[in-house]
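Please read these numbers as outputs of a predicted model, since none were measured by experiment.
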Amino acid sequence: MTDKKKKEETTVVVTSHPFEGLENGEERFAKAQLTRKINSLLDGMPEAIETVDEILIIGVCGVAQAVGQLREALDKIDECLDQRQFSKASNLGYKDVASEFIFLQRVLGGLQDCQHDKDKLIQDIALETKTSYETVLPF
């Protein structure tokens with residue numbers, strides 16, 4: 001008897017990208033390239049992202065504070081109305097409630113400015129990557 005050894009052959013397939021041959025391979029490859037480019041841009045601007053995040057957090061806290069103060073002012077009016085102190089309730093409405101409402105409007109305006117800054121940052125990345133705002137938004 002003769003020993004015959006079976007020779008193993010390795011087949012190498014050369015592709016232009018790692019998704020070639022897979023379902024939606026070209027689309028997957030394009031998305032991977034876009035993701036890499038967006039992440040690269042984001043890595044290059046940590047200060048801008050951090051600044052927007054900090055201002056957003058401060059704005060949300062300011063709104064929470066303003067809403068709380070407005071509630072307190074409205075609760076004072078409610079107490080005055082329960083005690084039939086209509087003049088005092090009216091004065092609180094013109095002073096405390098009006099003041100707290102103006103404060104609320106100011107912090108909401110600041111929060112809106114922050115949202116515009118965030119939108120601009122996303123829009124700049126979308127323009128740089130030649131894609132849509134909605135595509136960049138999740139990053």
Side-chain angles (χ1 to χ4, degrees):
M1 261 198 203
T2 325
D3 282 334
K4 291 186 180 179
K5 290 188 179 179
K6 195 174 193 178
K7 191 175 184 181
E8 288 186 32
E9 292 184 27
T10 304
T11 305
V12 177
V13 178
V14 179
T15 62
S16 61
H17 58 78
F19 299 104
E20 189 174 317
L22 297 175
E23 186 177 333
N24 300 324
E26 296 300 320
E27 182 181 339
R28 289 180 182 186
F29 182 61
K31 285 181 180 179
Q33 286 182 312
L34 179 61
T35 299
R36 184 176 31 238
K37 189 168 186 176
I38 291 171
N39 284 333
S40 174
L41 288 170
L42 290 173
D43 289 344
M45 55 177 68
E47 296 87 21
I49 294 169
E50 189 174 310
T51 300
V52 168
D53 284 345
E54 287 176 0
I55 293 172
L56 188 64
I57 290 168
I58 290 168
V60 169
C61 291
V63 169
Q65 178 185 355
V67 167
Q69 290 174 343
L70 182 58
R71 274 195 188 113
E72 287 177 15
L74 291 170
D75 288 343
K76 288 178 187 176
I77 288 178
D78 195 36
E79 288 175 23
C80 289
L81 293 174
D82 285 345
Q83 297 171 3
R84 306 277 192 232
Q85 297 175 341
F86 302 120
S87 292
K88 188 175 179 182
S90 179
N91 286 335
L92 286 171
Y94 284 113
K95 293 180 183 176
D96 293 0
V97 173
S99 175
E100 298 305 340
F101 185 72
I102 290 169
F103 176 55
L104 176 61
Q105 287 178 311
R106 290 181 66 204
V107 293
L108 285 171
L111 193 59
Q112 186 177 20
D113 286 345
C114 181
Q115 181 64 44
H116 289 166
D117 292 343
K118 178 184 173 188
D119 289 342
K120 180 165 179 357
L121 186 64
I122 294 168
Q123 182 181 19
D124 289 346
I125 294 170
L127 287 171
E128 181 77 23
T129 57
K130 297 179 178 133
T131 189
S132 69
Y133 177 94
E134 292 77 14
T135 302
V136 176
L137 186 61
F139 290 90

- Going through the checks in order, is the side chain to side chain contact (heavy atoms under 4.5 Å, CB included) test met by D117 and L121? CA-CA 6 Å; D117 292 343; L121 186 64; over 6 Å; no
- In terms of hydrophobic clustering (I, L, V, M, F, W, Y; side-chain heavy atoms under 4.5 Å; direct or indirect links), are V60 and L108 co-clustered? yes
- When rounded to the nearest 0.5 angstrom, what distance separates CD in E79 from NZ in K88? 8.5 Å
- Task: Considering only NZ, NE, NH1 and NH2 on the basic side and carboxylate oxygens on the acidic side, decide whether R71 and D75 come within less than 4.0 Å.
- Result: no
- Hydrophobic cluster identity match, V63 and V52, side-chain contacts under 4.5 Å: no
- Task: Look up atom NZ in K118 and atom CD1 in I49, then write down how far apart they are to the nearest 0.5 Å.
- Result: 11.0 Å
- Query: Do Y133 and L41 sit in the same hydrophobic cluster, where Ile, Leu, Val, Met, Phe, Trp and Tyr count as joined when their side-chain heavy atoms come under 4.5 Å apart?
  - Reply: yes
- Message: Any non-hydrogen side-chain atom of L81 less than 4.5 Å from a side-chain atom of I77?
- Response: yes
- Query: Which heavy-atom pair separates V136 from A126 by the least distance, and what is that distance?
  - Reply: CG2-CA, 3.7 Å
- For K31, does its backbone N or O pair with a side-chain atom of T35 as donor and acceptor, under 3.5 Å? yes
- Transitively linked via ILVMFWY side-chain contacts under 4.5 Å: L137 with L34? yes
- side chain to side chain donor-acceptor pair (under 3.5 Å) between T135 and S132, worked out: CA-CA 5 Å; T135 302; S132 69; 2.7 Å; yes
- Task: Please determine, by modelled atom types, if Q115 and D119 share a side-chain donor-acceptor pair under 3.5 angstrom.
- Result: yes
- Task: Determine whether I125 and M45 make a side-chain contact, defined as any pair of heavy atoms from C-beta on separated by less than 4.5 Å.
- Result: yes
- Message: Within the structure provided, determine whether Q69 and D96 are in side-chain contact (heavy-atom separation under 4.5 Å).
- Response: no
- Query: From E50 CD over to I55 CD1, what is the distance, rounded to the nearest 0.5 angstrom?
  - Reply: 11.0 Å
- Item | Between OG on residue S90 and CD on residue Q85, distance to nearest 0.5 Å | 12.5 Å
- If Ile, Leu, Val, Met, Phe, Trp and Tyr residues are connected whenever their side-chain heavy atoms lie under 4.5 Å apart, and connections chain through other members, are I122 and L111 in the same group? no
- Task: Using a 4.5 Å cut-off on heavy atoms from C-beta on, say whether the side chain of F103 contacts that of S99.
- Result: no
- Query: Say you draw a straight line from CG of L56 to OG1 of T51; how long is it, rounded to the nearest 0.5 Å?
  - Reply: 12.0 Å
- The reported gap from CD in E128 to NZ in K37 (rounded to nearest 0.5 angstrom) is 6.0 Å
- Note on the structure: A73 and V97 have their tightest heavy-atom pair at CB-CG2, 3.8 Å
- Kindly check if the number of other-residue, nucleotide or ligand heavy atoms within 6.0 Å of CZ (F86) is above 12? yes
